[in-house]
Amino acid sequence: MVQIFNSLTGRKEALEPIEPGVVRMYVCGDTVYDFCHIGHARSKVAFDIVRRYLEYRGLRVVFVRNITDIDDKIIKRAAENGEPVETLTARFIQAMHEDYDRLGILRPDHEPRATQHIPGIIAMIGALIDKGLAYVAENGDVMYSVSKFPGYGRLSGKRLSDLRAGARVDVDEAKRDPLDFVLWKRAKPGEPHWPSPWGEGRPGWHIECSAMSYDILGPRFDIHGGGLDLKFPHHENEIAQSCGAGHEFARIWMHNGFVNVDDEKMSKSLGNFFRIRDVIGEPGASGPQVVRDPEVLRFFLASSHYRGPINYSLEQIEQADAALLRLYTALRDTPAAEPTTGAAPASDAAAQFAAAMDDDFNTPEALAVLQGLATELNRAKAAGDGARSARLAGELRHLGGVLGLLQQPPEQFLRKQRRQPQAAASHRESAAQDAAPAPSLSEAEIEALVAERAAARKAKNFQESDRIRDVLARAGIQLEDKPDGTTYWRRT
RNA sequence: GGCUAGGUGGCAGAGUGGUCAUGCAGCGGCCUGCAAAGCCGCGUACAGCGGUUCGAUUCCGCUCCUAGCCUCCA
């Protein structure tokens with residue numbers, strides 16, 4: 001039984017899908033006016049793992065993740081760039097897909113965009129006005145009247161009076177209550193606009209998620225997810241809108257914690273953020289940036305529980321690299337056969353893995369199970385037990401796959417270059433640590449040197465073979481001699 | 001100020017009312033021509049002070065500290 005921490009109740013609750021066997025979930029996506037940063041990656045990876053695990057448990061998941069492609073920031077950025085809004089958003093949607101694909105984040109079943117759901121948005125605003133929950137303000141904007149919705153503040157645990165007391169200045173004159181928020185915004189000259197009963201304009205930010213989740217998933221669904229920073233006001237407002245319109249809306253609310261840098265929240269406004277491609281490199285570029293493979297970033301993100309904070313640093317990334325290296329090293333020289341499926345009895349490891357993941361997606365514990373499996377696999381390999389090795393390797397790959405990990409050939413992963421010094425230098429904590437760049441060798445050059453060394457070893461010329469090993473070591477190549485006389489190589 | 005999460009060994013990071021997380025780093029051993037990888041073993045970790053308990057890192061209270069939200073933000 002999958003237990004999920006529900007932000008709405010503050011408790012872990014059993015997931016009991018509305019329609020047995022089917023989980024409908026909606027996750028808040030990105031506003032596409034810039035490249036995605038690793039905070040976005042954390043949220044997307046977290047919910048990707050939720051989805052993969054639920055599917056592993058035999059549930060069908062209908063996964064919706066929206067794209068906000070119209071809003072103030074987009075309009076502002078497009079104006080700054082002197083380009084049409086659609087050009088800007090198309091570019092960053094493509095970049096987003098590139099980044100997420102490389103992180104192994106599965107594409108959602110539905111990826112609705114605000115601009116494609118204007119009719120649904122208008123319909124919902126109309127319903128809210130009819131119910132007396134929204135009003136047309138003097139400036140022509142349509143506002144949600146927060147005080148008319150009794151449950152307001154339930155999700156974020158806030159009271160209206162507290163919120164008002166803490167409200168910052170610059171209260172919009174058009175609002176009857178400082179906490180009221182915009183549903184439909186009157187277009188200013190030159191801004192994108194759509195016709196509506198309240199004049200030419202565009203949707204406010206919060207309404208799109210209410211309208212799109214309704215259009216695609218209907219009046220009630222199982223899980224709604226997003227970053228902790230969306231809890232208030234965004235999700236609070238979504239609830240006010242959807243429930244105000246008479247829908248049951250989401251049953252379980254999930255919020256992922258922040259990515260911190262130097263123990264401070266990473267955010268655009270603080271300017272302390274790393275873009276995904278600062279870490280995993282530009283798509284199609286030859287070398288890596290900070291990590292040898294995007295999978296390292298994914299592993300790092302999975303190595304702490306999704307609800308807590310995670311502190312990004314080069315040291316953490318290197319620990320993730322080392323841990324992942326151990327897994328792939330264990331997988332080396334094991335058959336890549338498909339895991340046993342069907343009637344195979346569930347193993348201890350699979351049971352432990354499921355117990356960890358059932359408990360609110362405890363990925364660190366699940367990862368510990370994978371490490372235990374690697375130890376067993378190493379033992380079996382050392383004992384020459386081929387059948388057991390194959391079974392354990394298959395299981396390791398299979399369970400790793402549930403987390404979106406361990407799906408590439410081990411040698412391919414192990415031979416990737418770990419990082420380029422100049423790129424790491426952009427990470428301030430490491431700027432001073434990078435010595436002279438290591439000369440990088442092509443695979444052919446490496447193979448040639450390895451062959452040369454093998455000949456020297458065969459002739460018992462250990463002085464020469466050690467010399468070659470040193471040359472390779474300085475180029476970041478680590479050798480491992482196998483008992484049969486052949487040699488592995490990987491990049492450190 | 002109001003509200004909410006936390007404080008676990010050198011570094012990360014799970015978890016539990018009473019033998020074991022896990023990874024990295026470190027130490028010892030095995031293996032190896034030497035290494036590397038791997039395997040085996042090792043470390044009086046649970047912020048502080050009280051309380052409940054036969055027994056608390058785990059439950060309760062207080063104190064100190066940290067982060068987040070209350071404003072756009074994954």
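Computation of the quantities below employed the complete heavy-atom set of this structure, encompassing side-chain atoms and omitting hydrogens, waters and symmetry-equivalent molecules. These numbers come from a predicted model, not from an experiment.
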I want to verify a distance call: between [options], whose nearest atom is closest to the [X] side chain?
| X | options | answer |
| --- | --- | --- |
| A/Ala368 | B/G33, B/A21, B/A74 | B/A21 |
| A/Pro364 | B/U22, B/C39, B/A14 | B/A14 |
| A/Ser43 | B/A36, B/A74, B/G33 | B/A74 |
| A/His305 | B/A35, B/A74, B/A14 | B/A14 |
| A/Asp162 | B/C39, B/A37, B/G2 | B/G2 |
| A/Ser304 | B/A14, B/G23, B/A36 | B/A14 |
| A/Thr329 | B/A37, B/U71, B/C39 | B/A37 |
| A/Phe232 | B/A74, B/G13, B/C69 | B/C69 |
| A/Lys44 | B/G2, B/A74, B/G23 | B/A74 |
| A/Asn362 | B/G33, B/G68, B/G15 | B/G15 |

Worksheet item: What orientation do A/Tyr26 and A/His224 show, parallel under 30°, tilted 30 to 60°, or perpendicular over 60°?
Response: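 Aromatic pair A/Tyr26/A/His224 classed tilted.
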Practice prompt. Please say whether more than 12 non-hydrogen atoms of neighbouring residues, nucleotides or ligands are located less than 6.0 Å from NZ in A/Lys231.
Written response: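 Correct, the count exceeds 12.
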Which is true for [X] with a 4.0 Å heavy-atom rule: it touches a base, it touches only sugar-phosphate, or it touches nothing?
| X | value |
| --- | --- |
| A/Gly29 | sugar-phosphate |
| A/Asp71 | nothing |
| A/Arg453 | base |
| A/Phe258 | base |
| A/Arg469 | base |
| A/Val259 | base |
| A/Lys231 | nothing |

Please report the distance separating the [atom1] of [N] from the corresponding atom of [M], rounded so that it comes out in whole Å.
| N | M | atom1 | result |
| --- | --- | --- | --- |
| B/A47 | B/C40 | C1' | 35 Å |
| B/C49 | B/A67 | P | 24 Å |
| B/G43 | B/G51 | P | 31 Å |
| B/C3 | B/A74 | P | 28 Å |
| B/C65 | B/G15 | P | 27 Å |
| B/C64 | B/G55 | P | 29 Å |
| B/A56 | B/U16 | C1' | 10 Å |

Do [X] and [Y] form a cation-pi contact, if we require the NZ or CZ to be under 6.0 Å from the six-membered ring centre and within 45 degrees of the ring's axis?
| X | Y | value |
| --- | --- | --- |
| A/Arg11 | A/Phe5 | no |
| A/Arg77 | A/Tyr33 | no |
| A/Arg42 | A/Tyr306 | no |
| A/Arg107 | A/Tyr100 | no |

Worksheet entry | Atom pair distance, as rounded to whole Å: CG in A/Asp470 and C1' in B/C34 |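 From A/Asp470 CG to B/C34 C1': 11 Å.
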Worksheet item: B/C39 P sits how many Å from A/Arg326 CZ, rounded?
Response: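 One finds 5 Å between P of B/C39 and CZ of A/Arg326, rounded.
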Discussion item. Assuming nearest nucleotide by heavy-atom distance, tell me which of A/Leu325 and A/Lys482 is located more 5' along RNA chain B.
Written reply: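 Nearer the 5' end of the strand: A/Lys482.
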Worksheet entry | Contact nearer the 5' end of RNA chain B, comparing A/Ala322 with A/Asn260 |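 First, find each residue's nearest nucleotide; the 5'-ward one identifies A/Ala322.
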Determine whether any donor atom in the side chain of [X] lies under 3.5 Å from an acceptor atom in the base of [N], or the reverse, and answer yes or no.
| X | N | answer |
| --- | --- | --- |
| A/Glu315 | B/C11 | no |
| A/Asp229 | B/G68 | no |
| A/Gln319 | B/G23 | yes |
| A/Arg457 | B/G33 | yes |

Worksheet entry | From A/His234, A/Lys265, A/His255, residue fulfilling side chain to side chain contact (heavy atoms under 4.5 Å, CB included) relative to A/Asp229 |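 For A/Asp229, the side chain to side chain contact (heavy atoms under 4.5 Å, CB included) check succeeds only for A/Lys265.
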Is [X] near enough to [N] that one of its side-chain N or O atoms lies under 4.0 angstrom from OP1 or OP2?
| X | N | value |
| --- | --- | --- |
| A/Arg275 | B/A74 | no |
| A/Thr375 | B/C39 | yes |
| A/Lys265 | B/C69 | yes |

Item to complete: Find out whether A/Leu396 and A/Leu370 are in side-chain contact, i.e. whether some heavy atom of one side chain is under 4.5 Å from a heavy atom of the other.
Response: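 Contact flag for A/Leu396/A/Leu370 side chains = yes.
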Item to complete: Go ahead and name the base partner of B/C31; Watson-Crick or wobble counts if both distances stay under 3.5 Å, otherwise write none.
Response: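 Per the H-bond distance test, none.
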